[in-house]
Peer 1: 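My questions all concern the structure below.
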Amino acid sequence: MQINKRVDDSSEINIGIIGSKSLLDQTKETLKSFPNFKPVFGVVEADTAITDLAIELMHDVDVLVFTEFHLYNLAKQSLDFSIPVHHVPLMGTGLYRSLFLIKSNYGLKRLSVDTIEEKYVEKILVELGEENYEFKVFPNHSKPKLIEDIIAFHIENYKSDESIVLTGIQEVSIRLTEMNIPNEWVTPTQQDMIVSLERALLATNTRRNKESQIVFGLINVDDFKRVTEKYKSEHDIQLLKLNIQQILLDYIKQLDGHLINLGGEEYSFITTRGIFERETRGYKFIPLLQDTNNAIGITLSIGVGFGSSAAEAGTHARLALRQSKELGGDVCYIVREDKSVLGPVDITTNTQYERYDLAITDAQLLERAEKAGMSASYMTKLMARVARYGIIDYTAQELATTLKITIRSAHRILLKWMDAELVEIIGEEKVTYKGRPRRIYRLTFIMDEQLK
């Protein structure tokens, strides 16, 4: 263990950076673009106790950054940090570079992956034009795993089908190289480093007020009654509830939050906005959704509320949970302090955020919507989805595709909207084959709202 300290200067921001020597050398170059940072480096070696190193640095700095996720995860499991703590995520240009190198040297037909989220790998493989590929991912749960377990996982995959290893851990790469197992150690590029250091900068005193803003969350087990019907005894149901609570506790620990069982299938948690932003990677990833489904086969609806007080955040969380349940569950939505909605929180390849104002104040519009059997929340959600494409004129077939419903449902909805004067027919689409021309509908209620 080696620590390099700089003399304190109250005009600068002290940042602690923990990682291997090679990554710290790279970070030093990137830090030249951040004159306000005064770095304190903690060099990780083979026999370094990560928790001791983190404790030693924590007392001298305002923010802490780990260059590798597994080091960050080890420290988070053992320590309660009183300062903002970040890691450099392996999901940007560094991951793209490593996959490109593997493609050039070995091909991308079979991969063995650790510490990197599966969906990020899939996304880049699609961008690289790969179709016929398969890869195995070491389970990336919240609890850290031993290096030996990860190495054994890769060895087994290489022996069974010659999978090329993609790892985020330097020690794993070194050990596999010694055994002549092809591998690529994913390291962050300078661009990845810059993004992480910018986030660390924002987490210091200049952002402390927003960092400490209350975040209130509500978690609901989808179709809990149906889930419990599969169990034969009350004893099994109670075990299921304990398993659910244990998974939730493990995740809320990552948020440095507090979990409360509200009874039945609903839970609440409280944390702060800065921690929530970091652990969700800027509202892009909620591993809890996938973990509960994989571990015990249930899905969750999550609503998260921001606010300047616990009461305000709690109210917004309830509104957010309603959005998640209306979408069918297994998602998370966020309602911010201005009552705008953000979601769904996910990292699927083609998912884009829907952002829309939760409140519609036009009384006449609400009355017409109610007549058509459309709730205000569904109307605003529809407006956000259609606005994403910048189109307000649709055939029934096009609207069905946009809203992901059947054509029959689209026709039925359009008839109701016409009765409520929410849409109007503006023409017909000429077709080259036999059959009736398709009517073109204009969503006038969206156009009216956009003109306000």
Side-chain angles (χ1 to χ4, degrees), residues 1 18-23 42-54 66-79 85 87-91 94-95 98-99 102 106 108-122 133-188 243 246-251 253-254 279 281 285 287-297:
M1 177 178 69
I18 296 177
S20 62
K21 185 179 183 304
S22 59
L23 288 181
V43 182
V44 176
E45 298 169 346
D47 58 348
T48 299
I50 301 301
T51 53
D52 293 342
L53 180 58
F66 291 83
T67 60
E68 294 180 77
F69 172 76
H70 80 285
L71 299 177
Y72 164 84
N73 203 20
L74 282 169
K76 285 284 286 183
Q77 289 293 322
S78 304
L79 300 174
V85 182
H87 70 277
V88 181
L90 299 176
M91 60 183 184
L95 177 57
S98 295
L99 285 168
I102 291 178
Y106 309 104
L108 289 170
K109 299 307 178 185
R110 295 182 180 86
L111 293 174
S112 182
V113 182
D114 69 63
T115 69
I116 303 165
E117 291 300 332
E118 180 177 346
K119 291 183 180 179
Y120 286 124
V121 178
E122 288 180 337
Y133 61 84
E134 57 184 84
F135 60 90
K136 301 171 185 176
V137 181
F138 188 83
N140 188 22
H141 299 303
S142 56
K143 295 182 179 179
K145 301 293 183 181
L146 295 174
I147 295 293
E148 297 297 333
D149 294 337
I150 298 175
I151 292 173
F153 169 80
H154 291 308
I155 293 174
E156 180 180 353
N157 292 336
Y158 180 73
K159 287 182 177 179
S160 64
D161 54 19
E162 297 186 343
S163 294
I164 308 302
V165 176
L166 184 71
T167 179
I169 305 174
Q170 183 182 24
E171 185 179 347
V172 171
S173 177
I174 293 172
R175 297 271 296 278
L176 292 175
T177 300
E178 292 172 349
M179 291 181 277
N180 295 319
I181 295 178
N183 68 89
E184 184 66 35
W185 174 34
V186 184
T187 58
N243 288 335
Q246 184 60 57
I247 293 174
L248 297 183
L249 284 169
D250 287 342
Y251 180 67
K253 181 179 180 181
Q254 297 299 304
E279 294 299 322
R281 302 170 192 175
F285 183 52
L288 179 62
L289 294 171
Q290 186 175 347
D291 287 349
T292 52
N293 199 352
N294 291 343
I296 51 181

Peer 1: Just checking, is any N or O donor in the side chain of S163 or N157 under 3.5 Å from an acceptor N or O on the other one?
Peer 2: no
Peer 1: Do any N or O atoms from the side chain of T67 and from the backbone of L23 form a donor-acceptor pair under 3.5 angstrom?
Peer 2: no
Peer 1: Looking only at heavy atoms, what is the nearest atom pair of P182 and I164, with distance?
Peer 2: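 Smallest interatomic distance, heavy atoms only, reads CB-CD1, 3.8 Å.
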Peer 1: How would you list, by chain and number, every residue that makes a side chain to side chain donor-acceptor pair (under 3.5 Å) with S173, sequence neighbours excluded?
Peer 2: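 S173 satisfies side chain to side chain donor-acceptor pair (under 3.5 Å) with N183 once adjacent residues are dropped.
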Peer 1: Going through the distances and angles, do L71 and I169 end up as a side chain to side chain contact (heavy atoms under 4.5 Å, CB included)?
Peer 2: CA-CA 9 Å; L71 299 177; I169 305 174; over 6 Å; no
Peer 1: Are side-chain heavy atoms of K109 and E162 found at a separation under 4.5 Å?
Peer 2: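 No, their side chains stay 4.5 Å or more apart.
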Peer 1: Heavy atoms only: give me the nearest T167-T115 pair and the separation to one decimal.
Peer 2: C-OG1, 4.5 Å
Peer 1: If only atom types and distance count, is the side chain of E68 paired as donor or acceptor with the main-chain N or O of Q170 below 3.5 Å?
Peer 2: yes
Peer 1: Is any side-chain heavy atom of I155 closer than 4.5 Å to one of L176?
Peer 2: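 In contact.
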Peer 1: Treating K253 as the side-chain partner and Q77 as the backbone partner, does any N or O pair qualify as donor plus acceptor under 3.5 Å?
Peer 2: yes
Peer 1: Within the 4.5 Å heavy-atom criterion, are K136 and D161 side-chain neighbours or not?
Peer 2: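 The answer is yes; the side chains approach within 4.5 Å.
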Peer 1: Is a donor on one side and an acceptor on the other found under 3.5 Å between the side chain of S98 and the backbone of L95?
Peer 2: no
Peer 1: Looking at every non-hydrogen atom in both residues, tell me the closest pair between F153 and V113 and how far apart they are.
Peer 2: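 Taking F153 first and V113 second, the nearest heavy atoms are CE2-O, 3.8 Å.
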Peer 1: Return the minimal non-hydrogen interatomic distance between V88 and P188, and the atom names on each side.
Peer 2: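 V88 and P188 have their closest heavy atoms at CG1-CB, 3.6 Å.
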Peer 1: Less than 4.5 Å apart, any side-chain heavy atom of H154 and any of V172?
Peer 2: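 Yes; the side chains approach each other to less than 4.5 Å.
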Peer 1: If I compare all heavy atoms of F138 with all of D149, which pair ends up nearest, and what's the gap?
Peer 2: CE1-O, 3.7 Å
Peer 1: Give me the ring orientation class for H87 and Y72: parallel if the planes are under 30° apart, tilted from 30 to 60°, perpendicular past 60°.
Peer 2: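 It falls in the tilted class, 30° to 60°.
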Peer 1: For a 4.5 angstrom cut-off between non-hydrogen side-chain atoms, does I174 reach W185?
Peer 2: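 They are not in contact (no side-chain heavy atoms under 4.5 Å apart), so the answer is no.
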Peer 1: Would you sort out whether Q254 and N73 count as a side chain to side chain contact (heavy atoms under 4.5 Å, CB included), showing the intermediate values?
Peer 2: CA-CA 9 Å; Q254 297 299 304; N73 203 20; 3.9 Å; yes
Peer 1: Which heavy atom of T51 sits nearest to which heavy atom of L79, and what is that distance?
Peer 2: O-CD1, 3.8 Å
Peer 1: Before you tell me yes or no, could you show the steps for L289 and N293 under side chain to side chain contact (heavy atoms under 4.5 Å, CB included), namely the whole-Å CA-CA distance, both residues' side-chain angles and the distance that decides it to 0.1 Å?
Peer 2: CA-CA 7 Å; L289 294 171; N293 199 352; over 6 Å; no
Peer 1: Please walk me through it: do F135 and E122 pass side chain to side chain contact (heavy atoms under 4.5 Å, CB included)?
Peer 2: CA-CA 9 Å; F135 60 90; E122 288 180 337; 3.5 Å; yes
